[in-house]
Amino acid sequence: MVHIERYLRDSIENEKNLTWNKQMLELVQERIHENHMAPEGVADEKTAAFEARYDAIVQTAAKEYEDVPPSDYYRDGYNLYLRMAKYKHNHLLFLSNTLVEPDSNLCERKARVLKGENQPGHFPAQL
């Protein structure tokens with residue numbers, strides 16, 4: 001979902017007249033936060049409510065792009081909406097499977113640590 005958040009932020013910046021991208025970003029961030037607060041899983045009722053809100057936001061995107069088609073200059077937001085509609089199950093797998101991390105995979109988290117240590121001005125903690 002980290003990539004989805006990044007794409008949503010890009011869409012917000014480039015498609016200021018649309019609302020679906022802001023709504024979806026808030027929803028995704030809320031759900032990731034809930035997921036972190038309840039590592040054993042979230043109740044099925046909350047998951048169903050989240051999925052219903054997700055579907056409603058996707059419908060909002062469909063309506064907004066129908067009213068104002070994407071420009072030839074910037075189509076990334078529109079393409080993101082299409083992917084979110086088509087691959088809903090993949091994007092929301094972390095809701096039903098607690099083994100799936102919503103934010104990043106282990107490799108990326110480990111790489112961030114290594115990258116941070118190699119940054120100029122970073123001094124490793126002394127033992």
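Every value quoted in this text rests on a predicted model; they were computed, and no experiment measured them.
Taken from NE2 in His33 to CD in Gln29, the straight-line distance is 11.0 Å, to the nearest 0.5 Å. Between atom OG1 of residue Thr60 and atom CE of residue Met24 there is a gap of 8.5 Å, rounded to the nearest 0.5 Å. Within the model, atoms CG of Leu8 and CG of Asn21 stand 6.5 Å from one another, a figure rounded to the nearest 0.5 Å. In this structure, Asn14 CG and Ser71 OG are separated by 8.5 Å, a value rounded to the nearest 0.5 Å. Between the CD atom of Glu51 and the CG atom of Leu27 there is a distance of 10.5 Å, given to the nearest 0.5 Å. The CZ atom of Arg75 sits 8.5 Å away from the CG atom of Leu82 when rounded to the nearest 0.5 Å.
With hydrogens and angles left out, the side-chain atoms of Asn79 and Tyr74 include no donor and acceptor closer than 3.5 Å.
The pair Arg53-Glu30 counts as a salt bridge, with a side-chain nitrogen and a carboxylate oxygen less than 4.0 angstrom apart. Between Lys63 and Asp67 there is a salt bridge, with a side-chain nitrogen of the basic residue lying less than 4.0 Å from a carboxylate oxygen of the acidic one.
Annotation for Gly77 and Ser11: closest pair CA-OG, 3.8 Å, computed over non-hydrogen atoms. Across every non-hydrogen atom of Ala62 and Tyr81, the tightest pair is CB-OH, 3.3 Å.
Although no hydrogens or angles enter the test, the distance criterion places a donor-acceptor pair under 3.5 Å between the side chain of Glu64 and the main chain of Thr19.
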* Check against side-chain hydrogen bond (donor to acceptor under 3.5 Å, both in side chains), Glu15 and Tyr65 -> CA-CA 11 Å; Glu15 299 175 310; Tyr65 285 119; 2.8 Å; yes
* Audit row: Leu80, Asp10, side-chain contact (heavy atoms from CB on, under 4.5 Å) steps and yes/no -> CA-CA 10 Å; Leu80 174 62; Asp10 184 60; over 6 Å; no
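Using a 4.5 Å cut-off on side-chain heavy atoms (C-beta onward), Met84 and Ile57 make no contact.
With sequence neighbours excluded, no residue satisfies ring-ring contact (aromatic ring centres under 6.0 Å, His included) with Tyr7.
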